[in-house]
Amino acid sequence: MSTPQPPMPQTAAPTWQAAPGQPFPTYTSPIPVVRTHLGHALASEWTKIRSVRSTMWTLGVFVVLVVGIGLAVAALIAANAAEESLAGESPLSFGFFGLLLGTICVITLGVLTTASEYGTGMIRTTMTACPTRGRVLAAKAIVFFAVAFTVTLVSALLVALADVAMLDGAREPSTEEWLKGTVGISLYIALLGLLSLVVGSVIRHSAGAITIMIGLLLAPLVIALFMFAESLQDLQQALFEYSIPNQLSVFYAQSLSESGPHGWDPLWIMLGVTAAAFAGAWALLERRDV
Amino acid sequence: MIEAVGLTKRYGDKTAVYNLSFQVRPGAVTGFLGPNGSGKSTTMRMILGLDNPTAGHVTIGGYPYRRLPNAPRQVGALLDAKAVHGGRSARNHLLSLAQLAGIPARRVDEVLGVVGLQDVAGRRSKGFSLGMGQRLGIAAALLGDPQVLLFDEPVNGLDPEGIHWVRNLMKSLAAEGRTVFVSSHLMSEMALTADHLIVIGRGQLLADMSVKDFIAANSAGFARVRTPDTEPQLREKLAGALTEAGGHVLPEQDGALRVTGLPLPRISDVAHASDVRLWELSPHQASLEEAYMRMTQGAVDYRSTADQKAGLQQPLPPGAQPPMPVPGQGQSGWYAPPPPQQAAPGPYGASADPGAAPANPYAQPAAQAPQEAPASQAPAPQPAVAPAPPQAPAQPPAPAQPPAPAAAPQDAAPAAPTKPEEAR
């Protein structure tokens with residue numbers, strides 16, 4: 001349904017135009033009729049996301065957090081750390097703290113992209129204008145993902161370049177470290193935002209969906225902190241390793257533990273979770289009342 | 001052309017719409033009337049494919065809305081004036097809808113001009129008044145220049161100029177051959193705008209007829225007869241004589257008698273023959289609003305009652321009279337039953353077949369005859385014994401069915417503290 005159909009001059013006309021000799025009068029609009037496709041929905045969603053202030057606010061705060069904290073941490077370490085203590089460290093890893101906090105902004109924007117339409121009632125107007133409901137969800141997902149990825153990538157790249165320039169004692173990062181610390185982490189955070197968007201579409205309530213997503217972000221780590229019992233050791237370990245902050249840190253190769261996800265694993269995990277959630281949200285959207 | 005067949009919608013155990021079948025034709029304004037909570041908006045949402053019907057189906061031009069090709073170019077709708085993101089400007093709101101429907105962007109400024117919002121197009125719609133919000137909603141409905149238009153309460157919050165404009169807009173849209181379906185709870189508004197009426201109450205069809213027929217069937221005249229207040233027995237005597245002469249006599253709240261079925265000279269003759277003096281004998285016309293209220297009074301979900309302020313009032317000084325309750329305030333409406341000639345099967349075609357709704361959840365116990373109201377207690381406002389409209393008998397008498405509690409106003413009678421005698 002989301003694939004653009006070849007343009008057709010005139011689509012199947014409803015019966016009142018098709019049946020000649022009907023007793024009822026008809027009206028035909030002079031505005032040419034075009035067959036709509038995903039491209040139209042993308043343009044519409046782009047107009048929507050750029051025309052509300054919450055986008056500017058959440059992304060503005062995101063950039064301030066990521067770039068501000070990233071530069072501040074780098075400056076602090078450059079000023080205080082002894083030359084040899086940084087040896088063997090990747091300078092990119094100091095961008096982690098800013099991005100961890102910035103995640104909350106991306107989650108908020110993701111949820112608001114879908115849930116705010118339910119909060120305001122706009123969704124009924126949207127679904128009347130486009131009864132192919134899945135197309136609207138797909139367009140929202142694509143537009144949001146593109147925006148979140150671009151903004152995260154630019155911020156992360158900025159911080160990474162500054163870190164490399166400021167921290168002279170650290171080693172030169174490899175190409176894979178560069179890729180993971182910029183593109184990889186941006187994809188991961190954009191996917192996390194996309195998961196929030198999908199959760200917003202299922203929950204249909206901004207505050208509820210944001211709470212769920214922040215809980216998902218923090219709860220595993222916090223719960224694991226209080227698992228002192230010996231018998232829960234394995235569970236505690238798993239919660240630590242698969243908590244979102246730890247998965248984020250994997251992109252900088254500074255995981256809290258040596259086992260668990262490594263390399264590009266977090267990205268595949270998040271991709272799987274988001275894809276499953278997206279499929280569920282799609283099915284629910286088609287079935288439920290708006 | 002909108003066609004609903006057996007449309008039913010349940011939310012949990014609440015039935016919002018029950019077995020609704022109707023057609024909305026092009027080239028006319030069709031009014032959709034009903035009290036608050038009677039299922040108008042639910043029906044509108046089902047027409048637009050937003051809610052899935054529990055049973056039955058509704059099509060536009062032969063297609064269910066969600067399978068209609070180019071739906072936004074075929075159908076435009078104003079559902080809720082506040083169904084916009086308040087942080088978005090009017091122009092951007094319409095632009096996003098236009099892009100979604102593949103409508104050229106210049107059409108946005110065109111419809112903004114049509115509804116008169118071009119000067120505030122760049123302002124965020126959060127700051128709009130209710131009337132401006134309605135105009136924005138109407139602009140969104142007109143955006144696709146569609147063949148079918150649905151408006152849910154379009155005149156809410158509009159100023160008189162706006163109401164006048166909406167009326168003319170509806171008529172001109174219909175004159176162009178479009179299907180215009182307008183919901184409202186104001187009969188007076190619909191009487192001016194609509195060509196055809198669909199009246200629902202408690203989710204069920206009460207009437208489906210042209211406005212002309214509705215007026216003919218419901219606004220038949222009656223005569224008001226008043227006998228000397230000083231001699232109440234004269235009124236009894238006259239009421240008896242008039243009934244004997246074939247008239248239909250009903251007491252009014254202020255002690256007058258409402259007589260139908262007899263011409264004025266005949267009433268005068270009967271009064272003269274039975275030696276009753278008259279203080280008033282005047283012809284009256286029941287208003288459409290009254291006819292509509294009478295039709296729907298059994299189906300009102302939210303009914304206001306008098307504010308008793310029980311236990312909050314100072315005890316009255318001895319000998320003082322409590323204030324008389326203002327007629328019509330806080331009391332369930334008192335409306336005369338329709339003229340007797342339409343007590344027959346009635347023009348309410350859709351509900352005339354008693355076998356049509358065997359599992360009717362709203363089936364009332366056999367309609368209460370309005371004559372039960374004793375003529376001698378005419379001033380009593382009769383809060384509970386609201387005469388069931390004779391349209392109701394179209395439903396099966398349902399002797400085996402337990403009376404639905406929601407549909408039996410009589411059940412509430414002991415609890416309803418609206419009788420002035422008790423207030424005293």
Side-chain angles (χ1 to χ4, degrees), chain A residues 8 10-19 22-37 39-55 112 116-117 119-133 135-136 139 286-290, chain B residues 1 9 11 25-27 45 48-52 60-77 79-80 82-89 91-93 95-104 107 124 137 140-141 143-147 150 173 175-179:
Chain A
M8 293 168 71
Q10 190 70 45
T11 53
T15 44
W16 70 68
Q17 285 164 5
Q22 279 241 329
F24 306 123
T26 61
Y27 174 81
T28 313
S29 168
I31 304 171
V33 174
V34 293
R35 182 151 194 148
T36 54
H37 49 72
H40 291 108
L42 286 175
S44 168
E45 290 303 327
W46 170 244
T47 302
K48 282 187 194 171
I49 205 167
R50 71 176 167 76
S51 62
V52 290
R53 289 187 183 180
S54 56
T55 309
L112 286 180
S116 76
E117 289 220 12
T120 55
M122 174 75 188
I123 191 72
R124 287 198 283 275
T125 313
T126 303
M127 292 305 183
T128 306
C130 181
T132 320
R133 297 181 188 172
R135 183 191 293 169
V136 175
E286 290 289 346
R287 276 227 331 272
R288 283 205 284 189
D289 289 349
V290 173
Chain B
M1 172 96 147
K9 180 71 183 176
Y11 297 104
R25 287 180 186 80
R45 284 202 303 274
L48 292 171
L50 298 173
D51 286 11
N52 302 314
I60 299 180
Y63 291 83
Y65 187 78
R66 288 180 68 184
R67 274 189 272 133
L68 192 64
N70 303 306
R73 299 300 315 280
Q74 305 283 4
V75 183
L79 279 187
D80 178 3
K82 291 287 164 191
V84 297
H85 192 299
R88 202 169 280 135
S89 72
R91 180 178 281 114
N92 277 329
H93 170 71
L95 179 61
S96 73
L97 293 175
Q99 287 171 328
L100 192 58
I103 297 164
R107 173 76 182 152
R124 297 198 291 157
L143 198 57
D145 197 22
Q147 153 78 29
L150 283 85
L173 289 171
E176 287 172 333
R178 309 190 213 221
T179 308

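Throughout, protein chains are lettered first and strands after them, A, B, ... in sequence-line order, and every chain is numbered starting at 1. Because the structure is a prediction, the values reported are computed rather than measured.
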Original post:
Which region of B/Leu50, side chain (C-beta onward) or backbone (N, CA, C, O), has a non-hydrogen atom less than 4.5 Å from a non-hydrogen atom of chain A, or is it both or neither?
Top reply: both
Subject >> Worked check of side-chain contact (heavy atoms from CB on, under 4.5 Å) between A/Ile31 and B/Arg73 >> reply: CA-CA 9 Å; A/Ile31 304 171; B/Arg73 299 300 315 280; 3.4 Å; yes
Original post:
Considering only heavy atoms, which portion of B/Asp80 lies under 4.5 Å from any heavy atom of chain A: side chain, backbone, both, or neither?
Top reply: side chain
**OP:** Can you measure from CZ (B/Arg66) to CZ (A/Arg133) and round to the nearest 0.5 angstrom?
**Re:** 3.5 Å
**OP:** Name the option with the most non-hydrogen atom pairs under 4.5 Å to chain A; the candidates are B/Pro104, B/Ser89, B/Ala83.
**Re:** B/Ala83
Subject >> Contact origin within B/Arg107 toward chain A - heavy atom pairs under 4.5 Å >> reply: side chain
Original post:
Just wondering, do B/Arg88 and A/Lys48 contact through their side chains at under 4.5 Å, heavy atoms?
Top reply: yes
Original post:
For the residue pair A/Thr128 and B/Leu48, what are the closest heavy atoms and their distance?
Top reply: CG2-CD2, 3.9 Å
Subject >> Distance (rounded to the nearest 0.5 Å) between B/Thr179 OG1 and A/Tyr27 OH >> reply: 12.5 Å
Original post:
Side chain, backbone, both or neither: which part of A/Ser54 has a heavy atom under 4.5 Å from chain B?
Top reply: neither
Original post:
Can you tell me how far the CG atom of B/Asn92 sits from the OG atom of A/Ser44, to the nearest 0.5 Å?
Top reply: 10.5 Å
**OP:** Inspect the surroundings of CZ in B/Arg67 and state if more than 12 heavy atoms from other residues, nucleotides or ligands are less than 6.0 Å away.
**Re:** no
**OP:** Kindly compute the distance separating OG1 (A/Thr47) from CD (B/Gln99), expressed to the nearest 0.5 Å.
**Re:** 3.0 Å
Subject >> Atom pair OG1/CD of A/Thr26 and B/Glu176 - distance to nearest 0.5 Å >> reply: 11.5 Å
Original post:
Taking it one step at a time, do B/Asp51 and A/Arg288 satisfy salt bridge (Lys or Arg N to Asp or Glu O under 4.0 Å)?
Top reply: CA-CA 8 Å; B/Asp51 286 11; A/Arg288 283 205 284 189; over 6 Å; no
**OP:** Give the C-alpha distance, both sets of side-chain angles, the deciding distance and a yes or no for side-chain contact (heavy atoms from CB on, under 4.5 Å) between A/Arg124 and B/Arg45.
**Re:** CA-CA 9 Å; A/Arg124 287 198 283 275; B/Arg45 284 202 303 274; 3.8 Å; yes
Subject >> side-chain contact (heavy atoms from CB on, under 4.5 Å) partners for A/Ala139, two or more places apart >> reply: A/Leu38, A/Ala41, A/Leu42, A/Glu45
Subject >> Per-residue contact mode, B/Leu100 against chain A (heavy atom under 4.5 angstrom) >> reply: both
Subject >> Under 4.5 Å from a heavy atom of chain B, the part of A/Pro30 involved >> reply: both
Subject >> Inter-residue atom distance B/Leu143.CG - A/Thr125.OG1, 0.5 Å rounding >> reply: 11.5 Å
Original post:
When you look at B/Asn52 and A/Asp289, which way does the side-chain contact (heavy atoms from CB on, under 4.5 Å) test go after all the steps?
Top reply: CA-CA 6 Å; B/Asn52 302 314; A/Asp289 289 349; 3.6 Å; yes
Original post:
With side chains defined as the heavy atoms from C-beta onward, is the minimum distance between A/Met122 and B/Ser96 less than 4.5 Å?
Top reply: yes
